[in-house]
> 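Sharing a structure here in structure tokens format.
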Number of protein chains: 2
Amino acid sequence: MTEVEQADRFARAREAQSVALIEDYVEMIGDLIAELGEARVADIAERMGVAQPTATKAIARLKRDGFATSRPYRGVFLTEEGAELAERVRARHRTVVALLVAVGVPEEIAELDAEGIEHHVSEQSLKAFEDFLQGK
Amino acid sequence: MTEVEQADRFARAREAQSVALIEDYVEMIGDLIAELGEARVADIAERMGVAQPTATKAIARLKRDGFATSRPYRGVFLTEEGAELAERVRARHRTVVALLVAVGVPEEIAELDAEGIEHHVSEQSLKAFEDFLQGK
DNA sequence: GATGATCTATAGCCTATGCTATATTTAAAT
DNA sequence: ATTTAAATATAGCATAGGCTATAGATCATC
Ligand SMILES: [Mn+2]
Ligand SMILES: [Mn+2]
Ligand SMILES: [Mn+2]
Ligand SMILES: [Mn+2]
């Protein structure tokens, strides 16, 4: 492996990481809307395990990036792009957990590890996981 | 899943992430020392794909955390703790790649994805991967 | 409709992680 | 030994993502 290839690999991991938080927020806002009919800042903060101003700031980035909208003192909503991302992220999360369980990871551990792993699973790997799970 | 459990899960993923860069630097410095006999800042920066001052700053954190030492205008060295971490990280990296390949991910893709995934694989999952790879 | 509780926004702070520009030191070449 | 080149350190800046404290808005209750 050349230096450049290695550098690209690390750059890719860094990029995936920068998207990870966005993905988790978007997925979770989708969950809240599905469960409660709305996503309030306080609920988002509680589920993410962060302070409320931290959630507010993250939501501002989601809005800036076109994944969400919100009005002051009202809830947070997903844009079409945000809703699509949430759906992809949710499906990938399920697949990753299923793959981990399929190779012998206990359910509980699989859920824990998947929360981080999912953001680094490429489309190609995801496809391989699905094929493996279907016994192909 | 309760709100607290979910929050803990996210907190765990955040923690894993904060360790990820440290792990990659330490592993890579170990590689350089093994290959070239020394790890120079310029080489570290090139392999990580970052500017030289970025590498210098990361090395300062490694030193602060007890994983490395260095003298001005000289190379970087791993402490005993750093060398042990490097070895663990290297072994885990190999196992993750092997697991991905075993479930059908192409070698190249496996290497790419593993660079990010590895940092979120718990001891328990790692053990499960090893057992799976041994056909148990 | 006032009032107290709750929710949200804002200000201000911190660390990590990136960058460019430039000073300083070491190494190489003449 | 100079001079030049290369490596390293340092200064200064930016953004992301944490936090606490507090101001401001909304909601519920009487
Ligand atoms: Mn996640
Ligand atoms: Mn998830
Ligand atoms: Mn890595
Ligand atoms: Mn690695």
Side-chain angles (χ1 to χ4, degrees), chain A residues 3 7-29 32 36-77 115-116 119, chain B residues 3 7-26 28-29 32-33 36-77 115-116 119:
Chain A
E3 287 74 13
D8 285 351
R9 187 176 299 176
F10 285 128
R12 209 162 149 286
R14 281 196 299 271
E15 169 59 21
Q17 188 49 42
S18 92
V19 180
L21 253 196
I22 289 175
E23 291 184 341
D24 282 336
Y25 270 99
V26 165
E27 179 186 4
M28 216 251 302
I29 289 169
L32 284 170
L36 310 178
E38 64 175 355
R40 305 301 297 236
V41 172
D43 295 329
I44 294 169
E46 181 173 23
R47 291 219 184 173
M48 286 299 297
V50 298
Q52 168 257 307
T54 300
T56 298
K57 212 183 278 187
I59 292 162
R61 288 192 296 271
L62 294 187
K63 291 166 72 174
R64 183 200 60 191
D65 294 349
F67 295 116
T69 60
S70 80
R71 282 172 311 153
Y73 296 97
R74 291 289 183 273
V76 178
F77 314 92
E115 201 54 72
H119 309 286
Chain B
E3 286 77 10
D8 284 352
R9 185 177 301 175
F10 285 128
R12 210 163 147 285
R14 282 196 298 271
E15 169 59 23
Q17 189 48 42
S18 91
V19 181
L21 252 197
I22 288 175
E23 291 183 342
D24 282 337
Y25 270 99
V26 165
M28 216 251 302
I29 290 169
L32 284 170
I33 292 173
L36 310 178
E38 64 175 356
R40 305 301 299 235
V41 172
D43 295 329
I44 294 169
E46 182 174 22
R47 290 218 184 174
M48 286 298 299
V50 298
Q52 168 258 308
T54 300
T56 298
K57 212 182 277 188
I59 292 162
R61 289 192 295 270
L62 294 186
K63 292 167 71 173
R64 184 201 60 190
D65 295 349
F67 295 116
T69 60
S70 80
R71 283 172 311 153
Y73 297 97
R74 289 290 182 274
V76 178
F77 315 92
E115 200 55 72
H119 308 285

> How many Å lie between CD1 on Ile44(B) and P on dA9(D), as a whole number?
10 Å

> Taking only residues two or more places apart in sequence, or in another chain, which ones meet Glu38(A) in a side chain to side chain contact (heavy atoms under 4.5 Å, CB included)?
Arg40(A)

> What nitrogen or oxygen pairs link the protein and nucleotides 24-26 of chain D at under 3.5 Å?
residue, atom, partner, partner atom, Å
dA25(D), O4', Tyr73(A), OH, 3.2

> dA16(C) P sits how many Å from Asp24(B) CG, rounded?
17 Å

> Does Ala7(B) have any side chain to side chain contact (heavy atoms under 4.5 Å, CB included) partners at least two apart in sequence or in another chain, and if so, which?
none

> Not counting sequence neighbours, list each pair that qualifies as a salt bridge (charged side-chain N to carboxylate O under 4.0 Å, His left out) and has a residue in residues 44-62 of chain B.
Glu35(B)-Arg47(B)

> In whole angstrom, give the distance that lies between atom NZ of Lys63(B) and atom C1' of dA9(D).
11 Å

> Considering non-hydrogen atoms only, spot the tightest contact between Phe10(A) and Asp24(B) and give its length.
CE2-CG, 3.5 Å

> Do His119(A) and Val19(A) touch side chain to side chain, with heavy atoms closer than 4.5 Å?
no

> Please compare Arg40(B) and Arg64(B) by the position of their nearest nucleotide in DNA chain C and report the one closer to 5'.
Arg64(B)

> Rounding to an integer number of Å, can you tell me how far Leu62(A) CG sits from dT15(D) P?
18 Å

> Could you check if a side-chain atom of Ile29(A) sits within less than 4.5 angstrom of a side-chain atom of Leu62(A), using non-hydrogen atoms only?
yes

> Does Ile44(A) reach the side chain of Met28(A), with side-chain heavy atoms less than 4.5 Å apart?
yes

> In whole angstrom, give the distance that lies between atom CZ of Arg12(B) and atom C1' of dG18(D).
20 Å

> Run the side chain to side chain contact (heavy atoms under 4.5 Å, CB included) test against Arg12(B) and tell me which residues pass, sequence neighbours left out.
Leu112(A), Asp113(A), Ser122(B)

> List every contact pair, protein side and nucleotides 17-21 of chain C side both N or O, where the distance is under 3.5 Å.
residue, atom, partner, partner atom, Å
dT17(C), OP2, Arg61(B), NE, 2.5
dT17(C), OP2, Arg61(B), NH2, 2.8
dG18(C), OP1, Arg14(A), NE, 3.2
dG18(C), O6, Lys57(B), NZ, 2.5
dC19(C), OP2, Ala51(B), N, 2.7
dC19(C), OP2, Thr54(B), OG1, 2.7

> What's the CD-P distance between Glu46(B) and dT8(D), to the nearest Å?
12 Å

> Within the pair Thr56(A) and dT8(C), is there a side-chain N or O less than 4.0 Å away from OP1 or OP2?
no

> Nearest whole angstrom, please: distance from the C1' of dT8(D) to the CZ of Arg71(B).
14 Å

> Given the rule in the side-chain contact (heavy atoms from CB on, under 4.5 Å) test, do Val50(A) and Arg14(B) qualify, once you have shown the distances and angles that lead to the verdict?
CA-CA 11 Å; Val50(A) 298; Arg14(B) 282 196 298 271; 3.7 Å; yes

